[in-house]
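To keep things clear, I will list the structure first and then write my remarks on it.
We use all heavy atoms of the structure for the numbers below, so side chains are in, but hydrogens, waters and symmetry mates are not. A, B, ... follow the sequence lines: proteins, then strands. Residue 1 opens every chain.
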2 protein chains.
Amino acid sequence: MRLNELDERIVRALAEDARRSYADIGAEVGLSAPAVKRRVDRLREQGAITGFTVRVDPAVLGWETEGFVEMYCRHKTSPEDIRRGLARYPEVASASTVTGDADAIVQVFASDMRHFERVLERIAGEPFVERTRSVLVLSPLLRRYGSGTPA
Amino acid sequence: MRLNELDERIVRALAEDARRSYADIGAEVGLSAPAVKRRVDRLREQGAITGFTVRVDPAVLGWETEGFVEMYCRHKTSPEDIRRGLARYPEVASASTVTGDADAIVQVFASDMRHFERVLERIAGEPFVERTRSVLVLSPLLRRYGSGTPA
DNA sequence: CGTGAAAAACTAGAGTG
DNA sequence: CACTCTAGTTTTTCACG
C-alpha cells in the first residue's frame, strides 16, 4: 500500500507535532479540518498510522543504560516465538530478525548497568535462546523521528 | 533530573496514546485536567518531553528496507565527528557509539535494496570511516514507544 | 469534500487549602 | 505552591448538501 501525496503530507505534519489541530494541518495541505480528520481516521483503520506517542528524553525517565543484544536462537524458533517471548519485557524497545550470524537484534533500555545485566540474564534464559552477544551504547549520537524510548 | 511518580504516570499515559485528553489522563492519575496540562507544559519546558509524534508503519511511507550498520572509524574520530557526518543522511534514523569491536551502530531506513546499498556506499566513503559491517532486517518483530521510523 | 452546528476538550484566571 | 473550579475559547466530531 502506498499513500497519495496529501496523506503523506498529513503524516509528515503529524510526525513533527502530533498535537497540531486538524484545522492547522488542513491550512497547510489545503483541506478543511473534517477532511483531514477523515483521512487520519482512514489511515488509522488501514494500519498506516498505528498510534500517537510522546518523544521523551530517556535519561529523565531513568533509562540511563541502553544496549543492543544479538540473539542466537535454537533451530526451529519462529519469529513469532521470539516476538511473544520478548513482548513480555518492558525493557525491550525494539526487536527484529536479521541477516547474518545472529537471528535477531534486540534494543534494550534499562535503568542502570545492574538492571541491564538482570534483563540480559533473563533473556538469555528464555527457552528459545541459545546464546547472546551484546554491546552497550556509550552515547546516543542521533535519535530522529522519535526513535525508541521506553515509557 | 528525575520525575516524581505523578509525572511519570502522565508520561507513560501519553506514550501509549499522545492524543488522550487531559481530563482522561487526569481521571487515571487522580488530577484535574488543568493540573495535568500544567505538568505537561512544565515537562516540555524542562526538556523532559521533547515533542509529540505519530507511529507509522514504515512500509506505508515507502521505507521497505531497514538495516543496522556497524561502523569502524579511524583513530581519533570523535563522537561529534560521527554525529555531524551522519546527520546529513535522512536515511539514518539513529546512531550511537558502542562498546565492542565497532565504534558505532547506525540504524538505516531505505526505500529498497538499491537505495540501501547506495546509502551504505556513501557512508563507507566518509573520510572518518575505515570499514562497515551491516545486517539487514528481515522482519521487525517489535517496535514500541514510537521506535525509529523516518518521516 | 465543504459547511455549519453540537459536543468535547483546551486553557487562562480566580479562589482554596 | 499546586490544586480545583469556573468560564470563555478552540477543537473535534458528525450530519447534510
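One finds no side-chain N or O of B:Arg39 lying less than 4.0 angstrom from the OP1 or OP2 phosphate oxygen of D:dA2. Between B:Arg19 and D:dT12 there is a side-chain polar atom (N or O) within less than 4.0 angstrom of OP1 or OP2. Contact annotation: B:Lys37 does not reach the phosphate of C:dC10 (side-chain N/O to OP1 or OP2, under 4.0 Å). Look at B:Arg42 and you won't find any side-chain N or O under 4.0 angstrom from OP1 or OP2 of D:dA2.
The existence of a salt bridge linking A:Glu91 and A:Arg118 is excluded, since no basic side-chain nitrogen approaches an acidic carboxylate oxygen closer than 4.0 Å. Between B:Arg12 and B:Glu28 there is no salt bridge, since none of the side-chain N atoms of the basic residue sits less than 4.0 Å from a carboxylate O of the acidic one.
In this structure, CG of B:Asp24 is placed 16 Å from P of D:dT12, rounded to the nearest angstrom. In this structure, B:Leu31 atom CG and D:dA2 atom C1' are separated by 10 Å, rounded to whole Å. Per the geometry, CZ belonging to B:Arg44 stands 10 Å off P belonging to C:dT11, to the nearest Å. One can place CZ of B:Phe52 at 11 Å from P of C:dC10, the figure rounded to the nearest angstrom. A straight line from CG of A:Asp41 to C1' of D:dT13 spans 9 Å, rounded to a whole angstrom. Distance B:Tyr22 OH to D:dT4 P: 16 Å, rounded to the nearest Å.
Among the nucleotides C:dT11, C:dC1, D:dT12, the one closest to any side-chain atom of B:Ala33 is C:dT11. For A:Ala35, whose side chain is taken as the heavy atoms from C-beta onward, the closest listed nucleotide among D:dT12, C:dC1, C:dC10 is C:dC1. Closest to the side chain of B:Pro34, out of C:dA9, D:dT4, C:dG2, is D:dT4. Closest to the side chain of A:Ser32, out of C:dA9, C:dG2, D:dT4, is C:dG2.
When every heavy atom of B:Val29 is checked against every heavy atom of B:Leu6, the shortest pair comes out as O-CD1, 3.8 Å.
Within 6.0 Å of CZ in A:Arg122 there are 12 or fewer heavy atoms belonging to other residues, nucleotides or ligands. Crowding of A:Glu16 atom CD: a count of heavy atoms from other residues, nucleotides or ligands under 6.0 Å not exceeding 12.
Looking at which nucleotide of DNA chain D each of A:Arg38 and A:Arg20 is closest to, the 5′-most match is held by A:Arg20.
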